[in-house]
Protein chains: 2
Amino acid sequence: MDLSTQIREKGLKATPSRLNVIQVLGSNHLAYAHAELEALFSDMDRVTLYRVLNDFEEAGLVHKIIDVDGVTRFALCKHSCPGAHHADEHVHFNCRGCHKMFCLENVPAPNVKIPLGFKVSGVQTLIYGYCKSCSAA
Amino acid sequence: MDLSTQIREKGLKATPSRLNVIQVLGSNHLAYAHAELEALFSDMDRVTLYRVLNDFEEAGLVHKIIDVDGVTRFALCKHSCPGAHHADEHVHFNCRGCHKMFCLENVPAPNVKIPLGFKVSGVQTLIYGYCKSCSAA
DNA sequence: AATGTAAATGCAATAAAGTTGCGTTTGCGC
DNA sequence: GCGCAAACGCAACTTTATTGCATTTACATT
């Protein structure tokens, strides 16, 4: 299925801005910050970019993660999520060298024993360290 | 050991601002946001508060965590950490009702199997859901 | 293919969060 | 009590994100 159709299936219009963004997000398993995408699409208004990302998140096309520096990042959901209720329970790896954020789709979130009284909705596991390129350098 | 001494042992001066902040952080196992502390100490300058928190973090008195909403929070280190290199590898619980962030000192960070090529420095495990009070309501 | 309309965009203004510089004040070692 | 480095308060500024509104555009319908 092509990107336009994927967007339309979520009830959103397949605009150029949206196609550009989703194409970049789909090109790898990285989570992108607003600033990075803004630099990539210098002709797109920053507000539009904020709205594209928020709309995608609410539609369940992308998931939002905060990296170790507190920067908000967005990555394509591998399996389309039911609306805003994401099933993105995979582990993320944040490189302290290049600051890239990798979605480790194949690494499931580990089980954690929680004290009584807490009702758990989900777990975010964020690993930080150095990626292959950065630990080589 | 009293709070003033604890602060002085880290090479910092025991000022009223610092004593106020550390007293609140020590009163429970919650991680506080800048805005919350600012509201608590309305006479303290916001910049001073930023600096108190940063100095404490660099001194290893408190650790910094980003909550699920991307808000930066600070909590007292139970065991004094060696400088800025924190050993706060415990699990945090973020309530989606009251937005409180609990340090679960007794819940160790789980082991995660990481693909080859990544060099791991640490793991942040952030659980979200509802705390006792909020799930009752 | 033309058209109507709700959705999306661009721009300006504003808000929230964090940082920097600098002159004044203060903790604390002497 | 004195001196001085450290800490503080204030102002200005930067970055990140949000809101309102007028204009434009995707696309369902004819």
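The model shown is predicted, which means the values in this text are computed figures rather than measured ones. Residue numbers start from 1 in every chain, and the chains themselves are labelled A, B, ... in the order their sequence lines are given, proteins ahead of strands.
Side-chain proximity of A:V47 to C:dC28, D:dT18, C:dG18: nearest is D:dT18. Of the candidate nucleotides D:dC8, C:dG10, D:dT16, D:dT16 has the atom lying nearest to any side-chain atom of A:Y50. Here D:dA7 is the nucleotide among D:dA7, C:dT9, D:dG9 with the atom lying nearest to any side-chain atom of B:L12. Side-chain proximity of A:K13 to C:dA6, C:dT9, C:dG18: nearest is C:dA6.
To the nearest 0.5 Å, atom CD of residue A:E9 and atom CG of residue A:L61 are 9.5 Å apart.
Among the protein residues, B:R18 comes within range of the sugar-phosphate backbone only, with heavy atoms under 4.0 Å from sugar or phosphate atoms but none that close to a base. Counting non-hydrogen atoms under 4.0 angstrom, B:A14 reaches the backbone sugars and phosphates but no base. Residue-level contact check: A:R8 touches the backbone only, with heavy atoms under 4.0 Å from sugar-phosphate atoms and none from bases.
Distance CG (B:D67) to C1' (C:dA17): 13 Å, rounded to an integer number of Å. Rounding to whole angstrom units, CG of residue B:L49 and P of D:dC8 are separated by 10 Å. Regarding A:D55, its CG atom lies at a distance of 12 Å from the P atom of D:dT18, rounded to whole Å. What separates CG of A:D69 from P of C:dA17 is a distance of 18 Å, to the nearest Å. Atoms CE (A:M44) and P (C:dC11) sit 13 Å apart, rounded to a whole Å. Distance B:D45 CG to C:dG23 P: 17 Å, rounded to the nearest Å. The distance between atom CD of B:E58 and atom C1' of C:dT19, rounded to the nearest whole Å, is 14 Å. Rounded to an integer number of Å, the gap from CG of B:L53 to C1' of D:dC8 is 15 Å.
Not one N or O on the side chain of A:H34 forms a donor-acceptor pair closer than 3.5 Å with the backbone of A:V71. The backbone N or O of A:Q124 sits nowhere less than 3.5 Å from a side-chain atom of A:H92 that would complete a donor-acceptor pair. Under a 3.5 Å cut-off, the side chain of A:N94 and the backbone N or O of A:V68 do form a donor-acceptor pair.
The shortest side-chain heavy-atom distance between B:F93 and B:M101 does not fall under the 4.5 Å cut-off.
Here A:T15 reaches the OP1 or OP2 of C:dT9: one of its side-chain N or O atoms lies under 4.0 Å away. Residue A:T48 has no polar side-chain atom (N or O) positioned under 4.0 Å from OP1 or OP2 of C:dA8. For A:T72 and D:dT16, the shortest distance from a side-chain N or O to OP1 or OP2 is not below 4.0 Å.
Between A:R51 and B:A35, it is A:R51 whose nearest contact on DNA chain C lies nearer the 5' terminus.
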